Amino acid sequence: MTIRGTHLKAVAILAVFGLSACSDPEADREAIESLDGLNVIDESGLNDVMLNFADPNAAANYFRNALNNDPSRTDFKRGYARSLVRARRSAEAVLAYDQMNDSGELNNADRLSYAEALLQNGDWDKAEAQLNAIPPTIETYDRYRLEAMISDYRKQWKRSDSFYETARNLTTRPAPILNNWGISKMQRKDFKGAEKKFLQAVSFDPKLFSAKNNLAISRANRRVYDLPGIPMTSVERAELLHNIALQAIRNGDVARGKGLLEEAIDTHPQHFAEATRKLAALDANVQR
């Protein structure tokens, strides 16, 4: 079965379940019972849909239930562990991969996902060991993204830049990796270099708020408090003004920070409770 065929069959089975709320229960039961005979979707296809398209927590529940019925199935173990990583349930994912590692069931793709879970869990040494166990001939975006993160942690900046550059060239959607690269530059206090990466990220994905926010904060670190010339909604504008204000206050530019908070409150299309609380606290502190 081709990938396209599997996906279309998955859509068919999901459509059957989606109609059940408004159709005849007896007819639904017969339709569901007939799925195996019609071969609407095979088991491997459903696993693929759950792993790649379903809500990650729903996918984890699906694979956990499948494992309860057949605990020896490696594909179910793999699906469960990867779904936990997608759901950012890193501690549970590490336990699942630990068990697969102990039983010798890890393949190279598993090791990559295992390393991701370990990084989410803050276990840098074990994550690096898993990446080192993958042959160097396997070159993927995710591998170099994780290698770059570990190099950042080790403050190995040349290696970090090399890994970020390679990862950026291995994807058609580079905004997230450019944003991460910018954060790496900020960690080194190379704020202008960071801002270049954040601007590139926004140019590829104008909706990536984290890159917009990082750009504004990097500029504020240099005491540049005006908003960057990038696309933003009124809500984003207010939130950026709020975050720039906090950085200004950290820098000791309290009066400028207060003005930015007031501007954030005026800019937000609704009541900006967080900025209002900060401004009230700042006024109370000044009065004391």
Side-chain angles (χ1 to χ4, degrees), residues 7 52-57 85-88 116 119-120 140-149 151-152 157 160-251 256-257 259-276 278:
H7 178 64
N52 294 296
F53 301 102
D55 171 82
N57 286 301
V85 175
R86 286 181 59 220
R88 300 194 71 81
E116 176 102 40
L119 287 181
Q120 289 180 10
T140 66
Y141 167 80
D142 281 323
R143 179 183 193 153
Y144 287 112
R145 175 178 60 85
L146 299 179
E147 295 276 16
M149 290 172 63
S151 296
D152 281 343
W157 306 127
S160 177
D161 284 337
S162 176
F163 288 135
Y164 278 120
E165 180 67 31
T166 302
R168 185 259 174 273
N169 290 330
L170 287 173
T171 179
T172 57
R173 297 179 178 178
I177 198 68
L178 288 166
N179 185 45
N180 288 0
W181 198 350
I183 293 170
S184 173
K185 296 277 190 181
M186 283 184 70
Q187 187 180 350
R188 314 171 207 181
K189 307 298 183 185
D190 178 9
F191 296 116
K192 288 190 176 181
E195 290 154 31
K196 180 178 179 181
K197 299 303 178 187
F198 296 138
L199 281 169
Q200 290 173 342
V202 173
S203 72
F204 280 104
D205 184 0
K207 295 182 179 180
L208 186 60
F209 180 74
S210 60
K212 300 178 187 181
N213 186 60
N214 290 333
L215 173 61
I217 296 301
S218 179
R219 287 160 54 92
N221 269 289
R222 298 191 292 110
R223 287 186 155 86
V224 178
Y225 299 131
D226 58 313
L227 287 171
I230 53 175
M232 64 186 77
T233 66
S234 58
V235 171
E236 288 177 332
R237 180 182 181 87
E239 290 176 347
L240 292 179
L241 286 166
H242 167 268
N243 295 343
I244 293 170
L246 298 186
Q247 187 59 49
I249 294 166
R250 293 188 193 102
N251 292 347
R256 185 62 193 275
L260 288 164
L261 283 174
E262 291 170 344
E263 188 178 351
I265 293 166
D266 291 341
T267 299
H268 203 287
Q270 299 168 337
H271 176 60
F272 197 170
E274 188 174 358
T276 302
K278 298 276 176 48

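All values derive from a computational prediction rather than experimental measurement.
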**Student:** Measure across Ala201 and Ala211 and return the closest heavy-atom pair with its distance rounded to 0.1 Å.
**Tutor:** CB-CB, 3.9 Å
**Student:** Nearest heavy-atom pair of Leu260 and Ala248: which atoms, and what distance?
**Tutor:** CD1-CB, 4.3 Å
**Student:** For the backbone of Asn214 and the side chain of Ser218, can you confirm whether one donor and one acceptor N or O come within less than 3.5 Å of each other?
**Tutor:**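 Such a contact is absent between Ser218 side chain and Asn214 backbone.
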**Student:** Hey, what do you get for CD (Glu236) to CG (Asn243), rounding to the nearest 0.5 Å?
**Tutor:**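 Going from the CD atom of Glu236 to the CG atom of Asn243 covers 11.5 Å.
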**Student:** Donor-acceptor check, side chain of Asn221 to backbone of Ile217, threshold 3.5 angstrom: yes or no?
**Tutor:** yes
**Student:** Could you check whether any side-chain heavy atom of Thr171 comes within less than 4.5 Å of a side-chain heavy atom of Phe204, counting everything from C-beta outward?
**Tutor:**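 Counting from C-beta outward, Thr171 and Phe204 never come under 4.5 Å.
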**Student:** Answer whether the closest heavy-atom distance between the side chains of Lys185 and Asp161 falls below 4.5 Å.
**Tutor:** yes
**Student:** Quick one: do Lys212 and Glu239 make a salt bridge, cutoff under 4.0 Å?
**Tutor:**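 No.
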**Student:** Kindly give the heavy-atom pair with the smallest separation between Gln120 and Val85, and that separation in Å.
**Tutor:** NE2-O, 3.6 Å
**Student:** Output, in order, the C-alpha distance, side-chain angles, deciding distance and verdict of side-chain contact (heavy atoms from CB on, under 4.5 Å) for Phe198 and Asn179.
**Tutor:** CA-CA 5 Å; Phe198 296 138; Asn179 185 45; 3.4 Å; yes
**Student:** To the nearest 0.5 Å, how far apart are CG in Leu241 and CG in Leu227?
**Tutor:**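 It is 4.5 Å, given to the nearest 0.5 Å.
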**Student:** Tell me yes or no: between the side chains of Asn251 and Gln247, is some donor less than 3.5 Å from an acceptor?
**Tutor:** yes
**Student:** Apply ring pair (Phe, Tyr, Trp, His ring centres under 6.0 Å) to Phe191 and list each qualifying residue two or more places apart in sequence or on a separate chain.
**Tutor:**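 Phe191 satisfies ring pair (Phe, Tyr, Trp, His ring centres under 6.0 Å) with no other residue.
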**Student:** Tell me, with the steps shown, if Glu147 and Thr166 meet side-chain contact (heavy atoms from CB on, under 4.5 Å).
**Tutor:** CA-CA 10 Å; Glu147 295 276 16; Thr166 302; over 6 Å; no
**Student:** When you compare the side chain of Glu116 with that of Arg145, does any pair of heavy atoms fall below 4.5 Å?
**Tutor:** yes
**Student:** Less than 4.5 Å apart, any side-chain heavy atom of Arg237 and any of Glu263?
**Tutor:** yes
**Student:** Over all heavy atoms of both residues, which pair between Met232 and Pro228 is shortest? Give the atoms and the distance, please.
**Tutor:** CE-O, 3.5 Å
**Student:** Can you give me the closest heavy-atom contact between Asn57 and Asp55, atom names plus distance?
**Tutor:** N-OD2, 3.1 Å
**Student:** Return the orientation label for the Phe272 and His242 ring planes: parallel under 30°, perpendicular over 60°, tilted otherwise.
**Tutor:** tilted
**Student:** With side chains defined as the heavy atoms from C-beta onward, is the minimum distance between Leu146 and Phe163 less than 4.5 Å?
**Tutor:**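 Counting from C-beta outward, Leu146 and Phe163 never come under 4.5 Å.
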**Student:** Take Glu165 and Asn169 through the test side-chain contact (heavy atoms from CB on, under 4.5 Å) and record every step on the way to the result.
**Tutor:** CA-CA 6 Å; Glu165 180 67 31; Asn169 290 330; 3.3 Å; yes
**Student:** Nearest 0.5 Å, please: how far is NZ in Lys197 from OG in Ser184?
**Tutor:** 10.0 Å
**Student:** For residues 215-233, which residue pairs pass the salt bridge (charged side-chain N to carboxylate O under 4.0 Å, His left out) check, not counting sequence neighbours?
**Tutor:**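 Applying salt bridge (charged side-chain N to carboxylate O under 4.0 Å, His left out) to every pair that reaches into residues 215-233, excluding sequence neighbours, yields Glu195-Arg222, Arg219-Asp226, Arg223-Asp253.
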**Student:** How many angstroms lie between atom CG of Asp190 and atom NZ of Lys196, to the nearest 0.5 angstrom?
**Tutor:** 10.5 Å
**Student:** Answer whether the closest heavy-atom distance between the side chains of Tyr144 and Ser162 falls below 4.5 Å.
**Tutor:**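 Tyr144 does not reach Ser162 side chain to side chain.
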**Student:** Looking only at non-hydrogen atoms, find the nearest pair between Tyr164 and Asp152 and report the distance.
**Tutor:**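 Closest approach of Tyr164 to Asp152: OH-OD2, 2.6 Å.
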**Student:** How long is the span from the CD atom in Gln200 to the CZ atom in Arg168, to the nearest 0.5 Å?
**Tutor:** 7.5 Å
**Student:** What's the separation between atom CD1 in Ile244 and atom CD1 in Ile249, rounded to the nearest 0.5 Å?
**Tutor:** 12.0 Å
**Student:** Checking Ile230 against Leu199 for the side-chain contact (heavy atoms from CB on, under 4.5 Å) test, could you report, in this order, the C-alpha distance in whole Å, the side-chain angles of both residues, the deciding distance, and whether it holds?
**Tutor:** CA-CA 8 Å; Ile230 53 175; Leu199 281 169; 3.8 Å; yes
**Student:** Side-chain contact, heavy-atom cut-off 4.5 Å: Leu208 with Val202?
**Tutor:**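 A side-chain contact under 4.5 Å is absent here.
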